Amino acid sequence: SPPGQGCVSLKARQGDKMRERIPRNNTAMIVVAWMVITASLLSCSAFAKESETLKIVNWNVLCGFNHKKSVKQGAKWIKKQAADVVALQELNGHTQAELEEVAAEWGHDHAAILKKGGFPVGLTSSQPIEVIELRVKGFHHGYLHCKTHGIHFFVVHFWPGKYWEADWILDKAAPLVERGEKVIILGDFNGNSRKDEDFLITNATLRKRDYTVVDKVEVKGFVDIVHKHDPKAKISQPSPITIPRWTKDMEELQLKRYRIDFVFADRTFAKNSHSGTISLAREIETISDHYPVIVEFAETKHNKPKTGDDR
């Protein structure tokens, strides 16, 4: 035979034997392999992170929603916001049971109120609330420290000139931030931000400017979420509902308008914020003398794998 022919014949015969071992139709094997890979990927994705929006509303509601005359209107407005957490100041006339009842109107099954009587602060949430501290003693109004959605909330209503109230809150918050916890301080600060100074000098000529409380909060690394995202939002109080009891007319009102309601987040968590503003909706003006602060954060969740018991 010609040179190399024997080798070619041998290789050909070996190739024929290999082909005999391999099924002629590989479709079934490919499908099975693909199903195994897909199932594996789905199993891993059960633990994957999902990013959702966490929406928070902070609002001083003027003595329990305009002395309880506008509770239904206030609840209706909050419901439209579809917020995950709502912080309220001046819940005058509301008990724990009454706050739970009104919170249900905007879809929250969980609520906590600071105290009976006076000017209580409160918190409602779409998730369970862990009440960590209810403090009234030594404070003019007091504060509420709760944890929900994995975040520590300090709901405050500071009294003008009692600067040590802010120091107390910041001392409570500091070890939490050091441990890597998420912390938000929000409420009626009864004080101003230096970031609003130009606006205040030009417009709020009937107001005294006091930056002490906000300075204290910012020097500790907390971030003003509204200013971060909407630096033109300079007004949170008062609304025309103050006419004529506290304000003579609209002309005087314009000279009193300023921002004293804030949502502050620790520096690390503030990086997750993606919006912040103050609603000046006309309907607010028949409910409260303050305008609500609205902020949003990207909330990262870890899904748990589903089991056969899940329904």
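The first residue of the sequence shown is numbered 1, and numbering continues consecutively from there. Just so we're clear, the structure is a prediction, and the values are computed from it rather than from any experiment.
The neighbour count for Glu101 CD, taken as heavy atoms of other residues, nucleotides or ligands under 6.0 Å away, does not exceed 12. The neighbour count for Lys79 NZ, taken as heavy atoms of other residues, nucleotides or ligands under 6.0 Å away, does not exceed 12.
Using a 4.0 Å cut-off between charged side-chain N and carboxylate O, Arg282 and Glu285 make a salt bridge. Between Lys256 and Asp289, none of the side-chain N atoms (NZ, or NE/NH1/NH2) sits under 4.0 Å from a carboxylate O, so this pair counts as no salt bridge. Taking 4.0 Å as the cut-off between side-chain N and carboxylate O, Lys76 and Glu283 do not count as a salt-bridged pair.
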Identify every side-chain donor-acceptor pair in residues 131-139 under 3.5 Å, counting partners at least two apart or on other chains, and give the distances.
unit_1	atom_1	unit_2	atom_2	d
Glu133	OE1	Tyr143	OH	2.6
Glu133	OE2	Tyr143	OH	3.3
Arg135	NE	Lys137	O	3.4

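In this structure a side-chain-to-backbone donor-acceptor pair under 3.5 Å is missing from Gln237 to Asp261. Using a distance-only test at 3.5 Å, with no hydrogens or angles considered, no donor-acceptor pair links the side chain of Asp196 to the main chain of Lys234.
Thr148 and His110 share no donor-acceptor pair across their side chains, judged by distance under 3.5 Å alone. Between the side chains of Asn58 and Gln89, at least one donor N or O sits under 3.5 Å from an acceptor N or O.
Taking a 4.5 Å side-chain heavy-atom cut-off between Ile, Leu, Val, Met, Phe, Trp and Tyr, the cluster of Trp246 extends to Leu62, Ile241.
With a 4.5 Å cut-off on side-chain heavy atoms, Asp224 and Phe262 count as touching. The shortest side-chain heavy-atom distance between Ile201 and Arg209 falls under the 4.5 Å cut-off.
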